[in-house]
Structures are given as C-alpha cells and as structure tokens.
There are 2 protein chains.
Amino acid sequence: MRQGIPDATVARLPVYLRALTTLAEDGTATVSSEELAAAAGVGSAKLRKDLSHLGSYGTRGVGYEVEYLVYQISRELGLTQDWRVVIVGVGNLGHALANYGGFVSRGFTVAALLDADDRIVGETVGGLVVRPVDDLEEVVAEQGVHIGVVATPAPAAQDVCDRLVAAGVTSVLNFAPVVLLVPDTVMVRKVDLSTELQILAFHEQRQVANRLSVDVPARVVALEPDGGTGRAGVSP
Amino acid sequence: MRQGIPDATVARLPVYLRALTTLAEDGTATVSSEELAAAAGVGSAKLRKDLSHLGSYGTRGVGYEVEYLVYQISRELGLTQDWRVVIVGVGNLGHALANYGGFVSRGFTVAALLDADDRIVGETVGGLVVRPVDDLEEVVAEQGVHIGVVATPAPAAQDVCDRLVAAGVTSVLNFAPVVLLVPDTVMVRKVDLSTELQILAFHEQRQVANRLSVDVPARVVALEPDGGTGRAGVSP
DNA sequence: TCAACTTTGTGCACCCGTTCACAAGTGCCT
DNA sequence: AGGCACTTGTGAACGGGTGCACAAAGTTGA
Ligand SMILES: NC(=O)c1ccc[n+]([C@@H]2O[C@H](COP(=O)([O-])OP(=O)(O)OC[C@H]3O[C@@H](n4cnc5c(N)ncnc54)[C@H](O)[C@@H]3O)[C@@H](O)[C@H]2O)c1
Ligand SMILES: NC(=O)c1ccc[n+]([C@@H]2O[C@H](COP(=O)([O-])OP(=O)(O)OC[C@H]3O[C@@H](n4cnc5c(N)ncnc54)[C@H](O)[C@@H]3O)[C@@H](O)[C@H]2O)c1
C-alpha cells in the first residue's frame, strides 16, 4: 500500500491537489469524495481508491479535511521540497514558460534559462538573464538542477537532452516533437501540441461521420425500442 | 476491426506518423515494424497491433511502405481535410502558439486569434490580427471553426469554453489549469504543465529515496510517459 | 444510549491494453 | 521449383485499472 502508488493514480494526484487548493482558498474546511470527485472530473469511487493508496486520511461520515489532504498529497508528490528546473531554448515557447507564474507557485524554481542564439543570450526574461547553452553543465552542477525542460527545435533536442543527462539530470520535460532516447534511469515526459490536435481531429472526424450516418436513421431508432445502444459522445 | 480504434492506439498514431514522415524525408521507402517501433519508442508487437486496427497495410517478409502508411494514418486521423482552429487568449502562451509553425504543417489552420484585452486586440501575431473576444460566435460560424484552443487565465476558461461550445465547437484543447465542464458531445483535452512537472517530481523523489535506501542500485525503474490517455481531460 | 443517516475504504468482477509466441505469407537465392 | 530467411498479423495469456456494491466506521439527533 505504502509500497508503490499506481502510475494512473500519480497522474491524477496533481488534479486533486489543484481542486483542493481552490477549495481551500474558498474557505472550505472539509470535502466529501463525491464533491471532490466532481471538482476533479472523475468518479467518486476512483477518487477514494486513489486516496486510499496514500493512507486513510478521511473520516467516515464526514469526508476529508482539505488542509490536511493538501499537505499529504503535496508530501507524496515531493512538493515539500524545492525542485530546480532549467529551461533550454528560449524561443517562442521558452519565453512563455519563463514568464509563467504557475511554476514558482508550486515548489518549482527556474534555476536558469539557456539558449544557443547570441541575440537572445543576455536578454532578461521573467527576471532571469538568458545564459549561453555552453554553461549547461556548469549550471546543472552548481545549482543542483533536477529537472530539464527542452524547448529547442526538434533537431537540437536529442543533443540537448544528452547533455542534460550527462550532467546528471534524471527528469526531462520535452516539448520538441521527437522521441528522446535516454538511459532507463532517466524519466522523460513529452508535451506534444500536434499530437493533441491530431487526436482531437480524429474524434472530430468520427463525430462528423456519425452525424451523417445517424441523422437519417435517427428516425428508425425511434421506431425500435432498442434502448440506447448508440454510443453518444466521446469524452473524458 | 474497422469498427472503433482503441483510444490508446489513436493516441500513438500521431507519433508513428511523425516517425514515418521523418523516414520519408530521409528517402526511406519501406520500414519494418521493428525499425519503426524503435523510432517511435514503443515495442514492435504493440506497433503491429496498432497498425492492424487500420487494416493490413504491411507486406510480410518486407515491412510497410512508408508513403502508403503515411497516407493511411493521415486519412484515419482525418488529416486529409483542413481543420480550422481558433485560439482564445493571446498572452504569453497564445503568442507562442500563434507563432508556432507546427500547426499549419499538419493540416491545421489558425482561423482567428481572440483576446479580451484592448491593448492586445489589433496587434498582429503570426500573421493574424487579434480580434476582440466578442467576435467569438461570429468567427466560429463564419469560418466554420472545429477546434477551440483555450489559453486564457484559469478564471476565464470555463466561460470561454461555454461560449465555444454554444457556438458549435465540439473539440477543445485546454491549457488553463482547470477542469472544464462540457456536454458529453464535446471532447476536451488538457495540456497541463504543472501536472507534468509534479509527476516528474514524484518520480525524482522516489529515485532519490531508492538511491539512499539501496546504495548499490545502478538500476532504477524506468517509466513510460503516458498517453494521454488521456488523459487527458480525459485522460488519459 | 441508541437508532438513523452519512461517507469512507475495499473486495470483487469486469474490461481494456500489453506482451508473448507462432502460424501464415512473401521475397530471394540456389 | 523448392527451401530459406524474414516479417506480418493475431490468438491467447497476462496485468493493471475501473466501477460497483457494501460492510465498517463515524456523526447526528432524540
Ligand atoms: N511555440 C509553440 O507553441 C510550440 C508548441 C508545441 C511545440 N513546440 C516545440 O517547442 C520547441 C520550441 O518551439 P519555439 O516555437 O519556441 O521555437 P523557436 O525557434 O522560437 O525557439 C527555439 C529556441 O531554441 C534555441 N536553440 C536552438 N538550438 C539550441 C541548442 N542547441 N541549445 C540551446 N538552445 C537552442 C534557439 O536559439 C531558439 O531561441 C520546438 O521543438 C517546437 O516544435 C512549440
Ligand atoms: N505561459 C505558460 O508557459 C503556461 C504554461 C502552462 C499553462 N499556462 C496556462 O495558460 C493560460 C495562459 O497563460 P499565459 O501565460 O499566456 O497568461 P497571460 O496572462 O499571459 O495571457 C492570458 C491572455 O488571456 C486574455 N484573456 C483574459 N480573459 C479573457 C477572456 N475572457 N477572453 C479572452 N481572452 C482573455 C488576457 O487578455 C491575456 O492576453 C493560463 O491559464 C496559464 O495558467 C501557461
């Protein structure tokens, strides 16, 4: 139970955490699994099972104490300590990331911004001066960087990643549209805009197809007391 | 088989597609499941099963014809037609998205940029003039927008989403850190920076814990980034 | 104190996705 | 033509995640 929280659960904990902090800001002291599940967009049973992996932090007949649960989830996710992040590639996306307040607000500190372009190096973005990418190893070592964010064009991504890994970084967040190759001691997560849009396009297309084929026979359905076998929407 | 491709497969098709187009640019005519799987970062058995859902497009003893497979996957994903996208919220992130070339290169057209701030409206970003958010309904109707991208601050996201849905948009890509409520005819996918970092932090923490408790281990568990199963707002 | 009510935590059955292993199909070489 | 080497497509076993349903645990009110 303490041993190994399922990946699917870990992926949802940040969502619960956000819902809980919102509730805390609104002054809510306790919350039931039903309410919290609704706020997080999941089923209540799933939520309870997820939370049960961390321990028994709820009170039967009452619910969960918001503050306490926030602390427990934060601790489980490792957010009680400060994680240092380095952003490599300060172009369009890098600028947005550097200016993003959501980083700092959750225990992440941007340790440095790195770029290969001389015209960008020296510029101040989000309160930090952009440094040359040659400083990468130095920055990682001196600042004790844990997480590397890759926001360079695709061709440079693998190279940058290799340098991050060689310098000792064991977690990488990749925005470039390439599959990064890393040793299995390193964890990579990818954020891919194009992929997301293409998945949406797929469902959009299927929905259009359904509309065309169902629109006419929709009346036939009315004749047959078939029950709703028609799978309506595709959603979460 | 033709009926309903598994969500997990759909989430991987864009990855295969990108690997294939890269191969095509390099002049590769055919590719085996083993090679393509390596390029896409998955197992070969999984790749073959995924592709088998689209049909039998391979040749035993040879592999897959790159060009043909590109076409088939593109068609399945609905990329043979042009999808019109509207971006709402042209701040840090919206600017980056508007300037991003990866959109257009894959059959997506940015139909309009919308913002509520008078200082931003009228500005030209990525070749488009930012329009007032009041034009939302008009833009969606006139341009036949299919996909809405929400890049506003969290408090405005649900409101913007509601307007998009009311205007007829059935696919939403959400960057704001909130759970959007939509009717189940609408599909929402979420891209959440903070969540990704928090998942990395969790594994980083576990890795540190492992190093301390078992100081012999050169080997730590390696995990694969999810698919959106998306999660995604659905995630998966 | 006790009964009625609320809500958690979980055993269980089910479903989806992954992985293995191999028969069947294809090209090549002799 | 026939054997050989290679690769696809898939049946089947497996594993993890999801949702249901309910007993256990706690609260409230009389
Ligand atoms: N802009 C977006 O909205 C968006 C969306 C999804 C994905 N992406 C991806 O994110 C990445 C960055 O996108 P962008 O729009 O910011 O591109 P960009 O060209 O604006 O910025 C890239 C930056 O990386 C720097 N760079 C190049 N090589 C480098 C190296 N070896 N080391 C360090 N820095 C280097 C460049 O100088 C530049 O400043 C790309 O891979 C892109 O495909 C961008
Ligand atoms: N910047 C990042 O790297 C980043 C990363 C992850 C998530 N996000 C999220 O993306 C969203 C946008 O981030 P940002 O950094 O671009 O913020 P931003 O404040 O720079 O931009 C937000 C823009 O939305 C506009 N806006 C506000 N209300 C609106 C409304 N009702 N209709 C239309 N437009 C409206 C504002 O005028 C502003 O231009 C936020 O929710 C943020 O949490 C940003």
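Everything numeric here is computed off the predicted structure, so don't read it as measured data. Lettering follows sequence order; numbering is per chain, from 1.
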Visitor: Could you name each residue pair satisfying ring-ring contact (aromatic ring centres under 6.0 Å, His included) that touches residues 146-184 of chain B, not counting sequence neighbours?
Guide: B/Trp83-B/His146
Visitor: In whole angstroms, how far is the P atom of D/dT8 from the CG atom of B/Asp50?
Guide: 14 Å
Visitor: Between B/Leu54 (CG) and D/dT10 (C1'), how many Å, whole number?
Guide: 15 Å
Visitor: Rounding to an integer number of Å, can you tell me how far B/Gln72 CD sits from D/dT8 P?
Guide: 16 Å
Visitor: Can you give me the closest heavy-atom contact between A/Val165 and A/Pro183, atom names plus distance?
Guide: CG1-CG, 3.9 Å
Visitor: Students often get this wrong, so: under 4.0 angstrom with heavy atoms, is A/Gly43 touching a base, only sugar-phosphate, or nothing?
Guide: nothing
Visitor: B/Leu164 and B/Gly148: which non-hydrogen atoms are nearest, and at how many Å?
Guide: CD1-CA, 4.1 Å
Visitor: Rounded to whole Å, how long is the line connecting atom CG of A/Leu69 with atom C1' of C/dT8?
Guide: 13 Å
Visitor: Heavy-atom count check: over 12 atoms from other residues, nucleotides or ligands less than 6.0 Å from B/Gln158 CD?
Guide: yes
Visitor: Search all heavy atoms of B/Gln205 against all heavy atoms of A/Gly78 and return the closest pair with its distance.
Guide: NE2-CA, 3.3 Å
Visitor: Is there a donor-acceptor pair under 3.5 Å between the side chain of B/Asp162 and the backbone N or O of B/Ala166?
Guide: no
Visitor: Of the nucleotides C/dT10, C/dG27, D/dT27, which one has an atom closest to the side chain of A/Ser52?
Guide: C/dT10
Visitor: Without decimals, in angstroms, what is the distance between B/Lys46 NZ and D/dG16 C1'?
Guide: 13 Å
Visitor: If you check every side-chain atom of A/Tyr64, which of C/dG9, D/dT18, C/dG17 has the closest atom?
Guide: C/dG9
Visitor: Do A/Val179 and A/Asn174 have side chains that approach each other closer than 4.5 Å (heavy atoms only, starting at C-beta)?
Guide: no
Visitor: Which is more 5' along DNA chain D, the nucleotide nearest B/Val62 or the one nearest A/Thr9? Just name the residue.
Guide: B/Val62
Visitor: Any idea which heavy atoms bring B/Ala19 and B/Leu36 closest together, and the distance?
Guide: CB-CD1, 3.9 Å
Visitor: Mind checking ring-ring contact (aromatic ring centres under 6.0 Å, His included) for B/Tyr68 and listing every partner two or more places apart, or none if nothing turns up?
Guide: B/Tyr57
Visitor: For nucleotides 21-25 of chain D, list the nitrogen or oxygen atoms of the protein found under 3.5 Å from its nitrogen or oxygen atoms, one pair per line.
Guide:
residue : atom : partner : partner atom : Å
D/dA21  : N6   : A/Arg48 : NH2          : 3.4
D/dA24  : N3   : A/Arg60 : NH1          : 2.7
D/dA25  : O4'  : A/Arg60 : NE           : 3.4

Visitor: So which atom in A/Leu17 and which in A/Leu79 form the shortest heavy-atom distance, rounded to 0.1 Å?
Guide: CD2-CD1, 3.5 Å
Visitor: Starting at atom CG of A/Leu51, determine the distance to atom P of C/dG9, rounded to an integer number of angstrom.
Guide: 8 Å
Visitor: What is the distance, rounded to the nearest whole Å, between atom CG of A/Leu47 and atom P of C/dG9?
Guide: 10 Å
Visitor: How close or far is atom P of C/dG17 from atom CG of A/Asp7, stated in whole angstroms?
Guide: 17 Å
Visitor: Pairs under 3.5 angstrom, nitrogen or oxygen only, protein versus nucleotides 12-14 of chain D, please.
Guide:
residue : atom : partner : partner atom : Å
D/dA12  : N6   : B/Lys49 : NZ           : 3.0

Visitor: Mapping A/Pro6 and A/Thr59 to their closest nucleotides on DNA chain D, which lands nearer the 5' end?
Guide: A/Pro6
Visitor: For A/Tyr100, what residues pass the ring-ring contact (aromatic ring centres under 6.0 Å, His included) criterion, not counting sequence neighbours?
Guide: A/Phe103
Visitor: Name every residue in residues 22-38 of chain B that has at least one heavy atom under 4.0 Å from any atom of DNA chain D, in order of residue number, or write none if there are no such residues.
Guide: B/Ser32, B/Ser33
Visitor: Counting distance only, does the side-chain N/O of B/Gln207 pair as donor-acceptor with the main-chain N or O of A/Thr185 below 3.5 Å?
Guide: yes
